[in-house]
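Working notes for the structure below.
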Amino acid sequence: MTEPADLVVVNAEVHTLADPDETYDAFAVRDGRVVRLGTTYDVEFLAGADTETIDADGRVAIPGLIDAHTHLLNSGRSLVHADLSAADSPADAVELLRERAHEIEEDEWVLGFGYDESSWDDSRYLTREDLHEVSETVPVVAFREDMHVAAVNDPVLDRLGDEMPDEDVRTGGGEPTGVIVEKAVDPVYEAIEPDAEEAEELIRAAQATANERGVTMIHDMVRQSKAPQVYRDLDLADELTLRVRINYWVDHFDALVDAGLRTNHGSDMVQVGGVKSYTDGTFGGRTAKLHDPYADDADETGTWVLDPEEIRDLVTRADDHGFQVTLHAIGDAAIDAVLDAYEETDDPGTARYRIEHSELASDEAIERMADMGVVASMQPNFHKWGFEGGLYDARLGERRTDANRLPAYLDAGAPLAFGSDCMPLDPLLGVHYAVNAPSEDQSLDVTEALRAYTAGAAYAGFDKDRLGTLERGKRADFVLLDDSPWERPDRIDEVAVALTAVDGDVVYDGR
């Protein structure tokens with residue numbers, strides 16, 4: 001006699017997102033795994049007295065969305081501190097910071113996250129003068145959305161200025177403007193790093209938001225924070241509703257080795273990922289490392305955070321100890337340098353080395369990634385800057401449509417995984433931009449885009465055998481959508497998540 005299922009989902013439009021993408025009406029779950037897919041009539045036979053039944057009422061079921069590049073702690077900060085992504089001008093950002101200042105104690109730092117000046121009519125970075133309108137005595141910091149650029153006021157410069165490299169502190173007329181980039185931002189991160197209690201508050205808030213947006217797993221990029229401790233504590237308490245793959249910053253490398261940790265160590269919910277570092281910056285900060293100058297600054301080709309020799313040293317060390325490597329590289333020069341370093345190792349494909357962002361990759365670089373099996377871990381939501389008149393148009397000129405050429409990776413056979421970089425943490429928004437990109441050469445179809453946020457991201461995290469598709473034997477991580485992305489491809493960003501489940505347990509229900 002067949003053992004009853006723990007859960008059956010019926011009256012659905014089930015997309016496995018396997019290759020090919022098969023569709024069914026229903027599926028059944030037992031012990032956290034999918035055990036049957038078929039018609040509602042077939043699957044209902046597995047329902048017993050204690051079986052939970054979810055009537056999808058015609059909704060679309062897809063595998064749980066895996067965000068392959070997040071900063072969950074920072075996402076939580078935007079929920080708790082001033083959310084500057086809502087600002088539409090410098091004055092509006094200042095007002096949001098003022099509101100935050102009134103909510104906290106008088107001596108607390110005033111923090112804001114996520115401003116994007118490229119969407120403002122007055123398209124400029126915030127400055128110390130702007131922040132002095134909030135306070136001239138209490139530290140005030142406003143982080144740009146990419147987290148590679150920040151604005152600080154005089155109290156911050158007075159406290160931390162000696163720790164900031166001169167070349168990363170922007171000046172005007174011989175005085176700091178309050179704009180800091182790259183390594184100058186690091187001392188600020190360290191100064192505001194939350195303790196374990198606050199980190200748990202931020203992660204719980206961000207976890208709930210992620211579940212509401214259909215996310216069942218994240219690959220989190222962690223740097224000098226209490227996040228790993230919080231994830232493991234929540235896992236032990238059975239209060240973690242996201243699977244987490246922790247990609248540790250290179251600063252942690254020696255500690256990882258000393259602790260005997262390796263890539264893929266961990267539990268069913270929390271695993272060790274790779275070793276992570278920047279190699280360059282961003283287009284927004286003109287710090288992504290390019291072969292040719294920026295369109296709006298003929299003297300600027302960007303910044304090495306790790307130069308090619310340092311990149312090779314890091315990759316060699318990680319390879320010697322059996323770690324996956326996941327390196328941020330946005331500009332074409334940085335991408336080429338990372339590939340040069342990967343090419344010197346024995347088997348980058350088996351090690352599943354990754355390039356995070358990989359935005360301005362040449363045809364040759366994409367072919368090299370395919371040949372080596374290097375994962376392109378990309379953020380399709382970055383297309384929002386790639387339209388005519390947008391930020392990438394200003395920074396790159398004619399090269400704006402050479403950035404984020406998503407189909408080129410699939411055509412070459414390079415592994416493609418999608419993440420959000422928490423700008424914002426919203427995979428369906430990313431899918432929308434992947435389908436509705438600035439040009440045809442940058443656009444995927446709906447199935448390809450969803451696969452990169454499911455099966456592709458699972459592959460990037462060595463999880464292909466257990467996650468990423470809705471198939472028999474896979475973990476029952478799934479999402480119900482109120483509408484079909486296939487039927488409204490031009491408005492995928494408006495498709496609402498109705499329910500999210502991890503291991504067959506409902507972690508969000510918005511029906």
Side-chain angles (χ1 to χ4, degrees), residues 71 73-166 168-195 197-199 201-202 205-206 209 225 282 284-285 287 391 422-424:
H71 302 273
L73 207 60
N74 286 338
S75 184
R77 282 168 161 163
S78 294
L79 296 170
V80 173
H81 297 283
D83 180 5
L84 302 184
S85 66
D88 57 16
S89 67
D92 197 19
V94 167
E95 184 56 34
L96 290 169
L97 288 165
R98 280 203 197 99
E99 291 175 7
R100 177 59 182 165
H102 292 148
E103 296 171 352
I104 59 180
E105 300 295 328
E106 290 185 2
D107 59 346
E108 284 189 54
W109 287 47
V110 182
L111 305 177
F113 295 85
Y115 84 84
D116 179 9
E117 83 295 336
S118 71
S119 65
W120 300 344
D121 290 337
D122 184 6
S123 182
R124 63 174 178 82
Y125 298 141
L126 295 173
T127 67
R128 58 197 278 264
E129 292 182 1
D130 293 317
L131 303 194
H132 286 162
E133 295 181 32
V134 180
S135 177
E136 295 187 37
T137 58
V138 174
V140 183
V141 186
F143 291 94
R144 193 178 182 274
E145 187 174 24
D146 62 7
M147 299 297 289
H148 288 250
V149 178
V152 297
N153 65 350
D154 280 349
V156 177
L157 291 171
D158 292 342
R159 294 188 191 195
L160 302 175
D162 291 343
E163 302 174 42
M164 298 177 179
D166 290 343
D168 288 343
V169 178
R170 299 294 184 249
T171 59
E175 294 293 324
T177 62
V179 177
I180 57 176
V181 303
E182 304 304 338
K183 292 182 180 179
V185 185
D186 290 348
V188 180
Y189 289 145
E190 294 172 14
I192 66 171
E193 188 60 45
D195 59 20
E197 182 179 357
E198 183 185 357
E201 175 192 2
L202 297 174
T209 297
S225 79
T282 67
T287 51
L391 175 66
C422 291
M423 292 198 271

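Fair warning: this is a prediction, and the values are worked out from it, not measured in the lab.
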Please examine the side chains of [Y] and [X], heavy atoms only from C-beta on, and report whether any two atoms are closer than 4.5 Å.
{"X": "Thr209", "Y": "Leu79", "value": "yes"}
{"X": "Ser135", "Y": "Val110", "value": "no"}
{"X": "Leu391", "Y": "Glu117", "value": "yes"}
{"X": "Ile180", "Y": "Met164", "value": "yes"}
{"X": "His132", "Y": "Arg128", "value": "yes"}
{"X": "Leu73", "Y": "Glu193", "value": "yes"}
{"X": "Val80", "Y": "Arg100", "value": "yes"}
{"X": "Cys422", "Y": "Asn74", "value": "no"}

Rounded to the nearest 0.5 Å, what separates atom [atom1] in [X] from atom [atom2] in [Y]?
{"X": "Arg124", "Y": "Ser89", "atom1": "CZ", "atom2": "OG", "answer": "9.0 Å"}
{"X": "Asp186", "Y": "Asp168", "atom1": "CG", "atom2": "CG", "answer": "9.0 Å"}
{"X": "Thr287", "Y": "Asp146", "atom1": "OG1", "atom2": "CG", "answer": "7.0 Å"}
{"X": "Leu84", "Y": "Arg144", "atom1": "CG", "atom2": "CZ", "answer": "12.5 Å"}
{"X": "Thr137", "Y": "Asp154", "atom1": "OG1", "atom2": "CG", "answer": "11.0 Å"}
{"X": "Glu182", "Y": "His148", "atom1": "CD", "atom2": "NE2", "answer": "5.5 Å"}

Aromatic plane relationship, Phe113 with Phe143 - under 30° parallel, 30 to 60° tilted, over 60° perpendicular: parallel
Residue pair Glu106, Val138: steps toward the side-chain contact (heavy atoms from CB on, under 4.5 Å) verdict: CA-CA 8 Å; Glu106 290 185 2; Val138 174; 5.9 Å; no
Any pair counted as side chain to side chain donor-acceptor pair (under 3.5 Å), so long as it reaches residues 155-166, sequence neighbours left out: none
Other residues, nucleotides, ligands: >12 heavy atoms within 6.0 Å of Asp121 CG: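 Not more than 12 within 6.0 Å, no.
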Enclosure of Glu129 CD (heavy-atom neighbours >12, cutoff 6.0 Å):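 Incorrect, the count does not exceed 12.
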Given Leu126, Thr171, Val149, the one that forms side chain to side chain contact (heavy atoms under 4.5 Å, CB included) with Val179: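 One option only clears the test, and that one is Val149.
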Using a 3.5 Å distance criterion without hydrogens, assess whether the side chain of [X] forms a donor-acceptor pair with backbone atoms of [Y].
{"X": "Asp130", "Y": "Val94", "answer": "no"}
{"X": "Tyr115", "Y": "Ala93", "answer": "no"}
{"X": "Trp120", "Y": "Ala87", "answer": "yes"}
{"X": "Asp116", "Y": "Glu145", "answer": "no"}
{"X": "Asp92", "Y": "Asp88", "answer": "yes"}

For Glu95, salt bridge (charged side-chain N to carboxylate O under 4.0 Å, His left out) partners two or more places apart: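 Here the qualifying residues are Arg98.
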Partners meeting side chain to side chain contact (heavy atoms under 4.5 Å, CB included) with Ser85 (sequence neighbours left out): Asp83
Using every non-hydrogen atom in the two residues, find where [X] and [Y] come nearest and quote the distance to one decimal.
{"X": "Thr177", "Y": "Gly172", "result": "CG2-N, 3.6 Å"}
{"X": "Leu97", "Y": "Leu131", "result": "CD1-CD2, 3.7 Å"}
{"X": "Gly76", "Y": "Ala206", "result": "N-CB, 3.7 Å"}
{"X": "Leu160", "Y": "Pro187", "result": "CD1-O, 3.8 Å"}

Met147 vs Val185, side-chain contact (heavy atoms from CB on, under 4.5 Å): CA-CA, chis, key distance, verdict: CA-CA 8 Å; Met147 299 297 289; Val185 185; over 6 Å; no
